[in-house]
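Here the structure comes first, spelled out in structure tokens, and everything after it is commentary.
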Amino acid sequence: MAKKHKCPECEKCMPAWLAAFGDLMSLLLCFFVLLLSMSSMDAKKISEAIGSLSGAMSVLEGGVKTEISKQRIQESTPIETKDETSQTVNRIQQAIAEANEMVKKEQGPEITLEEAQEGFVIKLPATLLFKPGSATIDNQDALLFLKRMSLLIDEMPNDVEMSVQGHTDDTGPGVNSPFKDNWELSTARAISVLKELVIDGVDPKRMNATGYAEFRPVATNVTRLGREQNRRVELHFFGAKNKPAKEKNSILDKAEM
């Protein structure tokens, strides 16, 4: 008859591997607690990061930095991220897409929507709005687009302002143009767009018009396509900047002192 073997008694202490595993978990826990304690929970940086993610995935193209520099805080007041603003921007994108369908038939430059440091920019090609050397908007499709834009602008918060900026290429207005140079032409085109928006119901207190002539190109003036891209009117949307509590003395004031 075979003898029965006794089962060896289990060790009273825990296995060596379990002790090492417990030490490793404790060290990892301490490591992450230290990381959390040393991190700075800056509300502005968190808001900037959320805005960047929102722009990348829904409203606009991404690219906003999650770090806010002191210079950026001083120079710009970004548009606050609100649901109603995001919905309005989405509707602006839809309006631009529909307008570009008509532009494709004429094989001209398209309307574009781009994100800027202080808000966003809509770039309108001059060929869609004006005839060469002219500042009169006679294109019915362009007038319809501006009318639709005015309705969308009216839905934006009151602290959102707009700057209308006119640009040209490096060629002059032409002999038959009533304008002497590109300064007059670019400024007149910006004012024409501004007035059309005012006629359509946009509050004039929220807008201003500026002409930059040919001195802020976005493409080369050597090619025909580049010159078409440079001839444009830009609608810059940005948050209203906070007025300083106390105005500093100007140079003239200091001279009188």
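Computation of the quantities below employed the complete heavy-atom set of this structure, encompassing side-chain atoms and omitting hydrogens, waters and symmetry-equivalent molecules. Index from 1, following the sequence.
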> To the nearest 0.5 Å, how far apart are CG in Leu27 and CZ in Phe32?
Replying inline: 12.0 Å
> With hydrophobic residues grouped by side-chain heavy-atom distances under 4.5 Å, do Ile111 and Val121 end up in a single group?
Replying inline: no
>> Whether the side chain of Arg206 engages the backbone of Val160 through a donor-acceptor N/O pair (distance < 3.5 Å, no angle test) should be reported.
In response: yes
>> If hydrophobic clusters are built from ILVMFWY residues whose side chains come within less than 4.5 Å, do Leu113 and Val202 share one?
In response: yes
>> Would you say that Ile153 contacts Met162 through its side chain, given a criterion of any heavy-atom pair below 4.5 Å between the two side chains?
In response: yes
>> Working to the nearest 0.5 angstrom, can you tell me the gap between Leu143 CG and Leu129 CG?
In response: 8.5 Å
> Closest approach of Ala135 and Ser192, non-hydrogen atoms and distance?
Replying inline: O-OG, 2.5 Å
> So do the side chains of Phe237 and Val89 get within less than 4.5 Å of each other, counting heavy atoms only?
Replying inline: no
> Within a strict 4.5 Å, meaning less than it, do heavy atoms of the Leu128 and Phe145 side chains meet?
Replying inline: no
> What heavy-atom pair brings Arg216 and Arg232 nearest, and what distance separates the two atoms?
Replying inline: O-NH2, 2.7 Å
>> Looking at every non-hydrogen atom in both residues, tell me the closest pair between Gly133 and Phe179 and how far apart they are.
In response: O-CD1, 3.7 Å
> Around atom CG of Asn176, are there more than 12 heavy atoms of other residues, nucleotides or ligands at under 6.0 Å?
Replying inline: no
> Side chains of Glu214 and Asn230: does their closest heavy-atom pair fall under 4.5 Å?
Replying inline: no
> Does Asp200 reach the side chain of Glu196, with side-chain heavy atoms less than 4.5 Å apart?
Replying inline: yes
> Heavy atoms, side chains only, cut-off 4.5 Å: are Leu124 and Ile122 in contact?
Replying inline: yes
> Nearest 0.5 Å, what's the CZ-CG distance between Arg148 and Leu151?
Replying inline: 9.0 Å
>> Do Phe238 and Tyr212 sit in one hydrophobic cluster, given that two such residues count as connected whenever their side-chain heavy atoms are within less than 4.5 Å of each other, even indirectly?
In response: no
> Do the side chains of Val164 and Leu185 join up, straight or via other hydrophobic residues, at under 4.5 Å, putting them in one cluster?
Replying inline: no
>> So which atom in Leu197 and which in Leu146 form the shortest heavy-atom distance, rounded to 0.1 Å?
In response: CD2-O, 3.6 Å
>> Take a 6.0 Å sphere around CG of Asp138 and say whether it holds more than 12 heavy atoms from other residues, nucleotides or ligands.
In response: yes
> Given Phe130 and Asn139, is the side chain to side chain contact (heavy atoms under 4.5 Å, CB included) satisfied, shown in steps?
Replying inline: CA-CA 7 Å; Phe130 313 102; Asn139 188 320; over 6 Å; no
>> Using the rule that Ile, Leu, Val, Met, Phe, Trp and Tyr join whenever any side-chain heavy atoms are under 4.5 Å apart, tell me whether Leu144 and Leu152 fall into a single cluster.
In response: no
>> To the closest 0.5 Å, what do you measure between CD1 (Ile137) and NZ (Lys195)?
In response: 11.0 Å
> Are more than 12 heavy atoms from other residues, nucleotides or ligands located less than 6.0 Å from atom CZ of Phe21?
Replying inline: no
>> Quick check: closest heavy atoms across Asn182 and Asp170, and the distance to 0.1 Å?
In response: ND2-C, 4.2 Å
> Atom CG of Leu194 and atom OG1 of Thr187: how far apart are they, to the nearest 0.5 Å?
Replying inline: 12.0 Å
>> Measuring from atom CD of Glu118 to atom NE2 of His236, what distance do you get when rounded to the nearest 0.5 angstrom?
In response: 7.5 Å
> Taking the side chain as C-beta and beyond, is there a heavy-atom pair between Asn90 and Gln93 under 4.5 Å?
Replying inline: yes
> Any idea which heavy atoms bring Trp183 and Gly211 closest together, and the distance?
Replying inline: CZ3-O, 3.4 Å
> If we only count heavy atoms from C-beta on, is the Lys123 to Gln229 side-chain gap below 4.5 Å?
Replying inline: no
